[in-house]
Amino acid sequence: MNAAQMKPASMRRAVLAALAALTLALPAFGQSFALRDDRGVQLHFAAPPQRIVTLLPSLTESIWALGGGARLVGVDRYSNWPRDVEKLPHLGGLEDAQIEAIVALKPDVVLASTSARALDRLEALGVRVLRLRSESHADVRRTLELLARLLGTPAEGEQLWARLEREMDAAAARVPASLRGQRVYFEVEGGPYTAGTASFIGQTLARLGVGNIVPADMGPFPKLNPEFVVRAQPAVVMGVPREMAGLAQRPGWGMLAALREGRVCGFDTAQYDVLIRPGPRLGEAAGLLADCLARVGRK
């Protein structure tokens with residue numbers, strides 16, 4: 001039935017239903033709201049921001065994955081996914097952000113890490129800075145849901161996290177039974193730091209059914225003495241290829257069975273970026289880790 005065929009009462013009901021639906025949508029797009037960041041600071045917005053600067057690759061990727069890519073007006077120097085962000089102004093990093101260039105872009109909000117103390121000057125200039133922590137899976141989920149609310153599309157955060165959960169479960173199903181419960185050493189940028197049990201990387205490994213040589217009480221990314229790794233005897237060693245080739249030359253590391261038997265995963269730069277960014281590519285990261293474990297499990 002088209003509009004010309006509708007009776008007046010039916011048309012009134014249709015119009016009222018349409019107005020009700022529009023009214024439900026208005027809070028996301030037309031009403032003011034407040035968000036509390038991970039410092040505990042509450043920021044007020046008259047409407048969802050239309051000009052956003054991100055100063056962390058994972059935050060850039062999160063905004064994009066949540067459908068807010070068109071609102072990005074500037075990113076940090078390391079943001080490179082998706083390729084479209086390469087066209088945007090790159091504004092330095094957390095500790096050397098280009099303050100004047102950021103202010104000139106007139107952002108409605110700047111998204112950054114809680115550790116970005118150098119951005120205090122931005123706030124002093126009246127720029128809103130939403131600071132977020134991303135060390136664990138819980139942090140990633142909270143960040144995605146908060147950013148979805150920021151964009152005025154709150155359901156998108158829950159939907160994205162549900163997809164990541166499915167992707168991690170699918171990756172876990174590919175891990176060989178022979179490696180389940182075995183402990184892994186994941187080296188961060190050539191050491192001496194590692195991804196511990198409490199980190200988002202360690203939690204992804206746990207979702208895959210493998211352990212970690214670093215206990216949770218050492219924190220998410222502890223600095224390790226090389227002897228610690230030798231004593232721990234990880235079943236698999238992971239890191240970047242340029243470091244993997246020289247691991248056996250480190251004092252005592254020739255005793256690691258994982259190195260002698262080739263149970264090593266060297267991830268190229270693009271893959272490593274996926275692994276170390278706590279954002280919307282967690283499922284892809286789980287897949288990379290699972291594929292590596294499947295390869296070394298056949299040795």
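Treat the numbers as computed from the prediction; the structure is a model and nothing was measured. Just so you know, residue 1 is the first one in the sequence shown, and it goes up from there.
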(request) Determine, using the 4.5 Å side-chain heavy-atom cutoff (strictly less than), whether Leu56 and Leu151 are members of one ILVMFWY cluster. (result) yes
(request) Could you state whether Leu72 and Leu132 fall into the same hydrophobic cluster, counting links through intermediate Ile, Leu, Val, Met, Phe, Trp or Tyr residues with side-chain heavy atoms under 4.5 angstrom apart? (result)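 Yes: a chain of side-chain contacts under 4.5 Å links Leu72 to Leu132.
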Is it the case that atom [atom1] in [X] sees more than 12 heavy atoms from other parts of the structure closer than 6.0 Å?
X	atom1	result
Arg260	CZ	yes
Glu227	CD	no
Tyr78	OH	no

(message) On a heavy-atom basis, which atom in Trp253 and which in Pro226 lie closest, and how many Å separate them?
(response)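 Taking Trp253 first and Pro226 second, the nearest heavy atoms are NE1-O, 3.2 Å.
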(request) Over all heavy atoms of both residues, which pair between Pro220 and Glu135 is shortest? Give the atoms and the distance, please. (result) CG-OE1, 3.8 Å
(request) Flag the pair Arg133 and Asp37 as a salt bridge only when some basic side-chain nitrogen lies within less than 4.0 angstrom of an acidic carboxylate oxygen. (result) no
(request) Please name the residue in the list Val53, Leu111, Thr54 that meets the side-chain contact (heavy atoms from CB on, under 4.5 Å) test with Val75. (result)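 Running side-chain contact (heavy atoms from CB on, under 4.5 Å) over Val53, Leu111, Thr54 with Val75 returns exactly one hit, Thr54.
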(message) Apply salt bridge (Lys or Arg N to Asp or Glu O under 4.0 Å) to residues Arg281 and Glu167 and explain how you reach the verdict.
(response) CA-CA 10 Å; Arg281 294 197 285 171; Glu167 290 173 353; over 6 Å; no
(message) Nearest 0.5 Å, please: how far is CG in Asp291 from CZ in Arg174?
(response) 4.5 Å
(message) Measuring from atom CZ of Phe200 to atom CD1 of Ile276, what distance do you get when rounded to the nearest 0.5 angstrom?
(response)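 Between atom CZ of Phe200 and atom CD1 of Ile276 there are 7.0 Å.
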(message) Regarding Glu165 and Trp161, do their side chains bring together a donor and an acceptor under 3.5 Å, going by distance alone?
(response)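 Judged by distance alone, the side chains do pair up.
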